[in-house]
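These notes are about the structure you will find just below.
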Amino acid sequence: MFGVRSVAGQVFLLQVLVVVLVIVVALVALVLQARRDSTTEARQRSLDVAETLAYAPGTLRAMTGPHPTAELQPLAEKVMKGTGVDLVVVYSKDGIRYTHPDPALIGKHVPGSGIPPSSPTTRTRETTQGRTVVSYAPVTRADGTAVGTVAVGITVQKVTGTAARQLPLLLGAGAGVLAVSAGGTALVSRRLLRQTHGLGPVEMTRMYDHHDAVLHAVREGVLIVGGDGRLLLANDEARQLLGLPPDVEGRSIAGLPLATGLAGLLTSQRAASDEVHLSADRLLAVNKRPTAPYGGQARSSVVTLRDTTELRALTGRAEVARERLKLLYDAGVGIGTTLEVTRTAQELADVAVPRFADRVTVELAEGVLRGEELAGAGTALRRAAVSGTGAGRPLIPVGELIRFAPGSPQARCLEGGRAVLEADLNAAHAWQSADPEHARRVLEQGIHSLIAVPLRARGTVLGTVDFWRTRPTEPFGAEDVPFAEELAARAAVALDNARRYTREHTMAVALQRSLLPRALPQQDALEVAYRYLPARAGVGGDWFDVIELSGARVALVVGDVVGHGLHAAATMGRLRTAVHNFSTLDLSPEELLTRLDDLVARLDQERTAEGGQEGLTGATCLYVIYDPTSGVCSLARAGHPPPALVRPDGTVTLPDLPAGPPLGVGGLPFECTELHLPENSRLVLYTDGLVEDRHRDLDTGLDLLRAALAHPDRTPEQTCRAVLQALPPDHAGDDIALLVARTRLLGPDQVAHWDLPPDPAAVARLRAAATARLETWNLADAAFATELILSELATNAIRYGSAPRHVRLIRDRHLICEVADGSSTSPHLRHAATTDEGGRGLFLVARYAQRWGTRYTPTGKVIWTEQPLHGGGPEAEPGGTADDPLAQWADVTL
């Protein structure tokens, strides 16, 4: 229950040991006394039995009679049973046994037992039965003559059996005494333990030895006040803080020279925690707690006093520093959340009001707002932000150009590159004289103090921030200037980052716009409208294009490059240029995407070899070729969303086109799909930014797109507006490219075609038929050049080509001549020598045609030329009719 280390434990153990020792001694004494009493009782009992038997008349008569054993043995046995002795032996005067417990020993002579004692005697012997007491008594006649001896023996153990039966009672009584003693000792020790708090003797000695030293050496005043209002204890620090006399213990608190509030607290029963009381010229923090739970008198209390005069001043300065650090942290978090210059300037103004200034204005150089590099801010700045009291009606509104007068605080801080403090603007005569009207209006609004700090970043002054204070706020001091400079320095970094981002964004946007088509080509196959909306996050890689192809065909292209920034824009420009170059080869959509995929793979390998991190892999593309002569639309895509097709009846479908892998992945072929589109169908190409958004899934976007397109009466321009209204790009995270094309068909009166037999004489008939058709189209001025071109191309097809051979004239914005044959060989333009007989035909074709080229088809090739229209244009009415014999002859097979 208690450790022997404590005083209470040692007292308890000592008392228990004393009680146990007393009980043991008592038991030992009792055992010794019982043993002595048992021996005495054994002697007395054996002697009484021996004398009684020796003096009995029957004993003398039996011993002197003829048969002593026969008479005495039964008597001896009866005596043994009746008295409880262990041995009754009768001897003759010659030492012969007349009786014995063992009949075999009767009649035996016992040496040394022949002479009867003169008087009864007792002897003690150690036998096999234990310690035994034997008493001898003589048997005498009336005349005193001895005739024999009676011996009676009894073991001491038989007599001590009574004491042994009493021993448990004695032990129980001793145990009870021990328990009662231990219980009482435990109660005493427990109380002692509570009072000594389990301390050992050494610890208690040390505690009392150092009690006075610790009490009086501590730097806090300590008082113990009794429940009756008397001062029980006061250490040296308390006497010094309160100015108490040396003999203050035992005196009443009311009689001490204490302040009324402090004396009332000491005499009251309430607790106190860091209550500040004025004592003389000191501010004391007073703590008071009752001592009841810890000992002492029932209503006494302990009071501690701490001098906080200097601590209060330090705490005030520390609180200001903490608030400034918190403001700097908030500035680091709240300034520069966006990369907009004006927004960052407004965040600087907002974060400083009202915790540092009552009003804040920010002025920036014009070049900073435009994202330009600066050599210096100058003194002409534009106000970028205002915040604080009265900021709703500032003296100079946001956006106004401000020219700071020489000598003004702002001009001085810009020139010197350091903060300028005007603690009292009323006394700043130089500032008032530099701009009297502005100074008057500032002072009328109650502004009385200013800190103007330059915004410097990377050695360049971007502008200035002005911190103003109004009445009744205290004016700025010199200690406020470093904080204002630190705040401005952090904001200047954010402003410079925003300026640089603005510059880079402007450059990227300019690059992107220069890479995108500035105007769509003039063509009659499609009526096209488009929209391009860059993402809010920055310049992206979405692009589109409309490309004129041979044979009055038109290619529509929409692509998307993963990522944003200059890299994405430059990549987009490279892909657009590559598509333009590949389209001049008159490749089919799947062949063009295959070559574009190979190009992207090579570019990625080059960037990997150069250690580049960003590749082109992930770009997508949709390539569409529309032929207005047949209404056939050929499409292929590389990981791009499929186009939307709007039929003339308003039905909106998404053609099931093979997706194909994104560009640069490789390994899988691209597939082409052909669609026959009736006139006035609308083909809608777009990038995924139109239908995908963080706030809606793809299916929802496609449903909205279908609903916006289900109006066949709209023009492509109206369709673009309707689509962007249904899918507003308010929070677009990606670029949006939208291309809407309405199909047109060239009428039969705009196309003439003939089959070309393998006969050179057919060339003359072909020239005549072509001339007749040109006259029908009011293009007689182009007849000579056209005849020359057709003669050369048809002659080459007959001479070097194979069947089938076909000739076609198309009147569009240009006059197009096409000669097709089944051979895959292509003619090449060359300069013939003066001695060569041939090789000048294509040279003449190139001279008379505006453009010419070769287009390969699944059945061979097509040599085509384009000529400008000098006579009637595409809008001219054809001159022939169905009844015209020349026209009828021109349409037949030559």
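Keep in mind it's a predicted model, so treat the numbers as computed, not measured. What you see below is based on every heavy atom in this structure, not just the backbone, and it leaves out hydrogens, waters and symmetry mates.
- The shortest heavy-atom contact between Leu705 and Val691 is CD2-CG1, 4.2 Å.
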Please walk me through it: do Gln867 and Ile789 pass side-chain contact (heavy atoms from CB on, under 4.5 Å)? CA-CA 10 Å; Gln867 300 169 247; Ile789 292 172; 3.7 Å; yes
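- Side-chain atoms of Leu675 and Leu683, non-hydrogen and from C-beta on, never get closer than 4.5 Å to each other.
- Taken from CZ in Arg499 to CZ in Arg370, the straight-line distance is 12.0 Å, to the nearest 0.5 Å.
- The structure places CG of Asp597 at 10.0 Å from CZ of Arg602, a figure rounded to the nearest 0.5 Å.
- Here the closest heavy-atom approach between residue Arg682 and residue Pro712 is recorded as NH2-CA, 3.2 Å.
- Enclosure of atom OH in Tyr848 is not indicated, since only 12 or fewer non-hydrogen atoms of other residues, nucleotides or ligands lie within 6.0 angstrom.
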Run Leu575 and Cys621 through side-chain contact (heavy atoms from CB on, under 4.5 Å) and show every step you take. CA-CA 9 Å; Leu575 293 183; Cys621 183; over 6 Å; no
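- Among all heavy-atom pairs drawn from Pro655 and Pro642, the shortest one is O-CB, 3.7 Å.
- Residues that satisfy the side-chain hydrogen bond (donor to acceptor under 3.5 Å, both in side chains) test with Glu866, not counting sequence neighbours, are Arg851.
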Verdict with reasoning, Asp735 to Tyr532, per side-chain hydrogen bond (donor to acceptor under 3.5 Å, both in side chains): CA-CA 8 Å; Asp735 292 0; Tyr532 186 87; 2.8 Å; yes
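- Separation of atoms CG (Leu756) and CZ (Arg808) is listed at 15.0 Å; rounding is to 0.5 Å.
- The OG1 atom of Thr795 sits 10.0 Å away from atom CG of Leu790, with the distance rounded to the nearest 0.5 Å.
- Of the N and O atoms on the side chains of Glu787 and Thr771, at least one donor lies less than 3.5 Å from an acceptor on the other residue.
- In this structure a side-chain-to-backbone donor-acceptor pair under 3.5 Å is present from Arg637 to Leu657.
- We find the CG-CZ distance between Leu677 and Arg744 to be 15.0 Å, quoted to the nearest 0.5 Å.
- Screening Val600, Val562, Val561 for a side chain to side chain contact (heavy atoms under 4.5 Å, CB included) with Thr571, the sole residue that qualifies is Val561.
- A donor-acceptor pair under 3.5 Å is formed between the side chain of Trp777 and the backbone N or O of Asp749.
- For Leu369 against Thr502, the heavy-atom pair with the smallest separation is O-CG2, 4.3 Å.
- Shown here are the side-chain hydrogen bond (donor to acceptor under 3.5 Å, both in side chains) partners of Thr620, two or more places apart in sequence or in another chain: His640.
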Before you tell me yes or no, could you show the steps for Leu774 and Leu815 under side-chain contact (heavy atoms from CB on, under 4.5 Å), namely the whole-Å CA-CA distance, both residues' side-chain angles and the distance that decides it to 0.1 Å? CA-CA 9 Å; Leu774 292 178; Leu815 178 60; 3.6 Å; yes
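- At a threshold of 4.5 Å between non-hydrogen side-chain atoms, the residues Leu844 and Glu792 do not count as touching.
- Every residue two or more places apart in sequence or in another chain was checked for a ring pair (Phe, Tyr, Trp, His ring centres under 6.0 Å) with Phe670, and none qualifies.
- Sorted by first then second residue, the side chain to side chain donor-acceptor pair (under 3.5 Å) pairs that include residues 698-714, not counting sequence neighbours, are Asp697-Thr700, Asp703-Arg706.
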Could you go step by step and tell me if Leu793 and Trp852 meet the side-chain contact (heavy atoms from CB on, under 4.5 Å) rule? CA-CA 11 Å; Leu793 296 182; Trp852 76 280; over 6 Å; no
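- Side-chain contact check for Leu520 versus Tyr530: some heavy-atom pair is nearer than 4.5 Å.
- Checked by atom type and distance alone, the side chain of Glu692 never pairs as donor or acceptor with a backbone atom of Leu698 at under 3.5 Å.
- Taking 4.0 Å as the cut-off between side-chain N and carboxylate O, Glu717 and Arg531 count as a salt-bridged pair.
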Please table the atom pairs, donor to acceptor, closer than 3.5 Å between any side-chain atom in residues 550-559 and protein atoms at least two apart or in another chain.
residue, atom, partner, partner atom, Å
Ser550, OG, Arg553, NH2, 3.3
Ser550, OG, Asp586, OD1, 3.2
Ser550, OG, Asp586, OD2, 2.9
Ser550, OG, Arg855, NH1, 2.6
Arg553, NE, Ser550, O, 2.8
Arg553, NH2, Asp586, OD1, 2.8

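- Within 6.0 Å of atom CD in Glu527, more than 12 heavy atoms from other residues, nucleotides or ligands are found, so the atom counts as buried in its surroundings.
- In this view, Phe582 satisfies the ring pair (Phe, Tyr, Trp, His ring centres under 6.0 Å) rule with no residue, not counting sequence neighbours.
- Residues Thr687 and Asp560 bring no donor and acceptor atom of their side chains to less than 3.5 Å of each other.
- In this structure, Pro589 and Leu635 have side chains that are not in contact, with every pair of non-hydrogen atoms separated by 4.5 Å or more.
- Put simply, the side chain of Thr743 gets close to the backbone of Pro678: a donor and an acceptor are under 3.5 Å apart.
- Expressed to the nearest 0.5 Å, how far CG of Asp542 lies from CG of Leu690 amounts to 10.5 Å.
- Counting heavy atoms from C-beta on, the side chains of Leu809 and Cys817 come closer than 4.5 Å.
- The nearest pair of heavy atoms linking Ala525 to Tyr626 is O-CE2, 3.5 Å.
- At least one donor-acceptor pair under 3.5 Å links the side chain of His806 to the backbone N or O of Trp754.
- Of all the heavy atoms in Val646 and Leu709, the pair that sits closest is CG1-O, 3.6 Å.
- Asp812 contributes no side-chain N or O that, together with a main-chain N or O of His814, makes up a donor-acceptor pair within less than 3.5 Å.
- A donor-acceptor pair under 3.5 Å is formed between the side chain of Arg805 and the backbone N or O of Ala797.
- Inter-residue side-chain proximity for Leu549 and Ser583 is flagged as met; some heavy-atom pair is nearer than 4.5 Å.
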